[in-house]
Amino acid sequence: MKIRLDNSMLFSLDATLCCGQTFRWEKRSEWWYGIVRDTVFKIRQKKNELEFENTSPSFVNSYFGLNDDLQKIYREICKDNYIKQAIKMSKGLRILHQDPWECLVSYICATYKNIAAIRQMLHELSHRFGEKIRFEGVDFYAFPTSEKLGKTSVTELTQCGLGYRAEYLYSTARTIYIDNFDLKLLRKESYEKAKLELLEFPGVGAKVADCVLLFSLGKLEAFPVDVWIKRVILKYYSEHFPKEFVMRAFCRKSLSKAEYERLNCFGREYFGEYAGYAQEYLYHYERTKQ
DNA sequence: CAAGTGCCTTTATC
DNA sequence: AGATAAAGGCACT
């Protein structure tokens, strides 16, 4: 099946899947293969056309955020020359609407890891605990459910290379499974309320919560601050902070809670209701330029 | 090639 | 409140 993208509907499949917001997509020749919930599907882009198999146009529209008005978002977040450059570099990058459970697990695992390592952990988790799905003669693995992960053991999770994250994931999975907690319901809550609820889960701090809110719960105002974004703000937006604050934050390896709050609030106030989009463009730009 | 550094941080403990 | 340490292990240089 195909979707035509008219000129106003800026979209780059590659930028969207490569920018680091999602970890399990695989590119084989020109097709991208993905597993969302219990379905494997593939998709490719040819200029102004999206072609896909084994899924529906409405799912593609929703999952890839094709309903977001990118032109409007660019107008809103384009506050200065630096973000302008970042946007120019990754035109058509969109925030995905990921599955909240998979997203939550992904970012609990992501703390203090690089992207290659995160991919490996999630692959291992899926391979061991996810349902096998055959597609085009190849074995894929669905993302394991909270029930499945809540019923394993910390030891088995540790064997997936999770390290100290195994305990957090185990408790979170158990809570969600036993309480029958529906993460999707957080979509209806405000950003602040949904964030407070996410912070209750072990292994979820402000940064992880903001990622889940942005990448799976439709909170486009969320502005996750990781080490890259921290550097971007301190380097290119330092005039918005006292010199002393910038110096101190630069020297420290990790952010204190107060420092996180300060950078996070700056992002949301400065870039506005689509701050999350600004974050993703800045993040991707900082990591790929040069 | 070995060894060091860094990684989309959170939590526990002062 | 605010600082500090500890917690896998992989990837990159």
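Residue numbers start from 1 in every chain, and the chains themselves are labelled A, B, ... in the order their sequence lines are given, proteins ahead of strands.
Anti is the conformation of B/dG4, whose glycosidic angle sits further than 90° from 0.
Two rings, from A/Phe223 and A/Tyr283, have their centers 6.0 Å or more apart.
Between the P atoms of B/dC8 and C/dT4, the separation comes to 24 Å (whole Å). Only the P atoms considered, C/dG8 is 15 Å distant from B/dT13, to the nearest whole Å.
Within the shown strands, nothing qualifies as a pairing partner of C/dG8 under the Watson-Crick or G-U definition with both distances less than 3.5 Å.
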**Request:** Can you check each nucleotide of nucleotides 6-14 of chain B against protein heavy atoms at under 4.0 Å and return B for base, S for sugar-phosphate only, - for none, in 5' to 3' order?
**Result:** BBBBSS---
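The aromatic rings of A/Tyr164 and A/Tyr168 stand perpendicular to each other, their planes meeting at an angle above 60°, with 30° marking the opposite boundary. Ring geometry, A/Trp101 versus A/Phe143: the interplanar angle exceeds 60°, so the pair is classed perpendicular (tilted spans 30 to 60°).
When DNA chain C is scanned in the 5' to 3' direction for atoms under 4.0 Å from non-hydrogen atoms of chain A, the outermost contacting nucleotides are C/dA3 to C/dA11.
When the side chain to side chain donor-acceptor pair (under 3.5 Å) test is applied to A/Asp68, the partners found at least two apart in sequence or on another chain are A/Tyr277.
Using a 4.0 Å cut-off between charged nitrogen and carboxylate oxygen, A/Glu76 and A/Lys72 do not count as a salt-bridge pair.
Closest of all the heavy-atom pairs between A/Tyr107 and A/Gln21 is OH-O, 3.0 Å.
Residues A/Asn81 and A/Tyr236 have side chains that never bring a donor and an acceptor to within less than 3.5 angstrom of each other. Under the 3.5 Å distance criterion, with hydrogens and angles disregarded, no donor-acceptor pair is assigned to the side chains of A/Asp6 and A/Asn48.
Nearer to the 5' terminus of DNA chain C, by closest-nucleotide assignment, is the contact made by A/Ala258 (compared with the other of A/Thr158 and A/Ala258).
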